[in-house]
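First the structure, in the form of structure tokens, and then the observations on it.
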Amino acid sequence: MQALLHAIAQALPGADAERLFHGRGGLHAGAEAWTLDWFPPCWVLSSFEPVAEAQLESLAQALAERWAQVGDGTPLTWLYHCRQVGHEERAAPRLMAGHLPEPHAVGEDGARFLVHLTRGQNHGLFLDMREGRRWLRRLAPRKVLNLFAYSCAFSVVALQAGAEKVLNVDMSPGALALGRRNHLLNGVDDGRAQFLAHDVFNSWGKLTRAGPYDAVLLDPPMMQKGSFVAEKDWPRLMRRLPSLVAPGGHALLALNSPKLRPAFLLDAMAREAPELQFVERLANPPAFADVDEDRSLKVLIYRRASA
């Protein structure tokens, strides 16, 4: 745990949400179970194995000391989340000190996103996808299809960059409701975005008729029982891309599975959608560095040739 304590002692949390320590990357021996995130004004400490209360007390003291040095004079706010699969605390993040704002919005590159730190496994904004959102902002596509949209962060960024139309698709009405609030929060609730609470695999006709799109974004869950299994369902997605991506358009494919290497996507795309050509793999944010980058988040960019 010494590496984590050292990271806390050196942390300089800024105005935007960010990862401060990524033990999961395997670069800090003995701290592989830990991550530390900053969702202003809250530190979020997560462990993928059970932690003794004495350890939490040591970490609480370290956070309090650092906050006294770099804080803004408000009381320390921090949350602990045990994420070990099968552990009784896995779905119950604990607010250890302070108070969370309600609603709670955090910033990234001039955008604002609502988060819900004490509910469920996902907080509302995936910090490791930051470079994907930056890529989309630079691309500034006119027409966008956002599949597995979750809280619609990609949509907000696309609209801020000047998109004329974004179609957000997700099975969860709750996720899309949060997405609508994100659009309102950023002043892009102006009719350019649509929200479909549909199963992607049962909606190809509707999605194809509304296309083609200058950018198609695919960031499905790693595995979701009854909804998505990577090995089976990625090829099903890929073979639809040629009918969805406009000539000269792009597709972003995101895979967050440590057991599936980049070759899984590269080989499947070559087989299922040869009309699209590989462009690049986006680098992950430096805070998410991994001893083996091929097991970390993989974000691949493809382009369809111009007509």
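The shortest side-chain heavy-atom distance between R180 and H183 does not fall under the 4.5 Å cut-off. Side-chain atoms of S58 and M1, non-hydrogen and from C-beta on, do get closer than 4.5 Å to each other. Taking 4.5 Å as the limit, some side-chain heavy atom of L244 sits within range of a side-chain heavy atom of T208. Within the 4.5 Å cutoff, no side-chain heavy atoms of L276 are placed close to those of M238. A 4.5 Å side-chain heavy-atom check between P220 and L147 finds every atom pair outside the cut-off. The shortest distance between side-chain heavy atoms of R24 and R83 does not fall below 4.5 Å. When side chains are defined from C-beta on, F195 counts as touching N168, because their heavy atoms get closer than 4.5 Å. Annotation: side chain of H28 is not in contact with side chain of Q2 (no heavy-atom distance under 4.5 Å).
Panel note: side chain R303, backbone V279; no donor-acceptor pair is recorded below 3.5 Å. Judged by distance alone, with hydrogens and angles left aside, the side-chain atoms of Q194 form no donor-acceptor pair with the main-chain N or O of G191 at under 3.5 Å. When atom types are taken as modelled, the side chain of N146 and the backbone of V166 share no donor-acceptor pair closer than 3.5 angstrom. The main-chain N or O of C152 is never found under 3.5 Å from a side-chain atom of N182 such that the two would form a donor-acceptor pair. A donor-acceptor pair is defined here as one N or O able to donate and one able to accept, closer than 3.5 Å; no such pair exists between the side chain of W34 and the backbone of L45. Side chain of K298 to backbone of S296: a donor-acceptor contact under 3.5 angstrom is found. With hydrogens and angles ignored, the 3.5 Å screen pairs no side-chain donor or acceptor of E65 with any backbone N or O of L63.
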Subject >> Y213/L167 under side chain to side chain contact (heavy atoms under 4.5 Å, CB included): CA gap, chis, key distance, verdict >> reply: CA-CA 10 Å; Y213 307 88; L167 181 56; 3.6 Å; yes
**OP:** Before giving the answer on side chain to side chain contact (heavy atoms under 4.5 Å, CB included), spell out for T77 and L95 the whole-Å C-alpha distance, their side-chain angles and the decisive distance to 0.1 Å.
**Re:** CA-CA 8 Å; T77 297; L95 184 62; 4.1 Å; yes
**OP:** Dump the intermediate steps for side chain to side chain contact (heavy atoms under 4.5 Å, CB included) on L241 and R304, then the final yes or no.
**Re:** CA-CA 9 Å; L241 283 174; R304 185 175 183 184; over 6 Å; no
**OP:** Just do the side chain to side chain contact (heavy atoms under 4.5 Å, CB included) check on L117 and C42 with the steps written out, would you?
**Re:** CA-CA 9 Å; L117 303 184; C42 184; 3.9 Å; yes
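Ionic pairing of R119 and E102 is not present here: no N-O contact between side-chain nitrogen and carboxylate oxygen is shorter than 4.0 angstrom. The pair D109-R134 meets the salt-bridge criterion, with a side-chain N (NZ, NE, NH1 or NH2) lying under 4.0 Å from an Asp/Glu carboxylate O. A salt bridge links D292 with R261: the closest approach of a Lys/Arg side-chain nitrogen to an acidic carboxylate oxygen falls below 4.0 angstrom. Under 4.0 Å is where a charged nitrogen must lie from a carboxylate oxygen, and between D290 and R295 at least one such pair does.
Ring pair Y302/F278 is perpendicular by interplanar angle, where above 60° counts as perpendicular and below 30° as parallel.
With a 6.0 Å radius and a threshold of 12 heavy atoms from other residues, nucleotides or ligands, H99 has its NE2 atom at or below the threshold.
We find the CD-CD distance between Q61 and E57 to be 9.5 Å, quoted to the nearest 0.5 Å. Separating the NE2 atom in H250 from the CD1 atom in I301 is a distance of 7.5 Å, to the nearest 0.5 Å. M269 contributes atom CE, which lies 9.0 Å from atom CD of E275 (distance to the nearest 0.5 angstrom). Here the straight-line distance linking atom CZ of F288 with atom CD of E293 works out to 11.5 Å at 0.5 Å rounding. Considering CG of L218 and CG of L300, their distance stands at 11.0 Å, rounded to 0.5 Å. Here E131 contributes atom CD and L136 contributes atom CG; the two are 12.5 Å apart, rounded to the nearest 0.5 Å.
In the hydrophobic clustering of this structure, L76 groups with F21; members are Ile, Leu, Val, Met, Phe, Trp, Tyr whose side-chain heavy atoms approach within less than 4.5 Å, directly or through other members. Cluster membership for V188 and L217, using ILVMFWY side-chain heavy atoms within less than 4.5 angstrom, is shared. Note on W204: it clusters hydrophobically with V216, by side-chain heavy-atom contacts below 4.5 Å among ILVMFWY residues. Under the 4.5 Å side-chain contact rule for hydrophobic residues, W67 and L56 share a cluster. The same ILVMFWY cluster, assembled from side-chain heavy atoms under 4.5 Å apart, contains both V200 and L253.
The two atoms that bring A161 and R137 nearest to each other are CB-O, 3.7 Å, heavy atoms only. Across L127 and A17, no two heavy atoms sit closer than the pair CD2-CB, 3.8 Å. Looking at every heavy atom in both residues, A60 comes nearest to W78 through CB-CZ2, 3.5 Å. The two atoms that bring R112 and G107 nearest to each other are NH1-N, 3.3 Å, heavy atoms only. Nearest approach of W234 to A254, heavy atoms of both residues: CZ2-O, 3.2 Å. Heavy-atom minimum distance, K143 versus A210: NZ-O, 2.6 Å.
Shown are H81, H22, H123, R19; of these, the side chain to side chain donor-acceptor pair (under 3.5 Å) with D37 is made only by R19.
Outside the 6.0 Å centre-distance limit, the rings of H104 and F39 are not counted as a close aromatic pair.
Residues that satisfy the salt bridge (Lys or Arg N to Asp or Glu O under 4.0 Å) test with D72, not counting sequence neighbours, are absent from this structure. In terms of the salt bridge (Lys or Arg N to Asp or Glu O under 4.0 Å) criterion, residue partners of E231 (sequence neighbours excluded) are, by chain and number, K259. Shown here are the salt bridge (Lys or Arg N to Asp or Glu O under 4.0 Å) partners of R142, two or more places apart in sequence or in another chain: E164, D214. Under the side chain to side chain contact (heavy atoms under 4.5 Å, CB included) criterion, R66 pairs with I8, L12, W43, Q69, V70, not counting sequence neighbours.
Under the 4.5 angstrom side-chain criterion for Ile, Leu, Val, Met, Phe, Trp and Tyr, the cluster partners of L185 are L114, L178.
Applying the ring-ring contact (aromatic ring centres under 6.0 Å, His included) test to pairs two or more places apart or on separate chains, those with a residue in residues 147-169 are F126-Y150, F148-F228.
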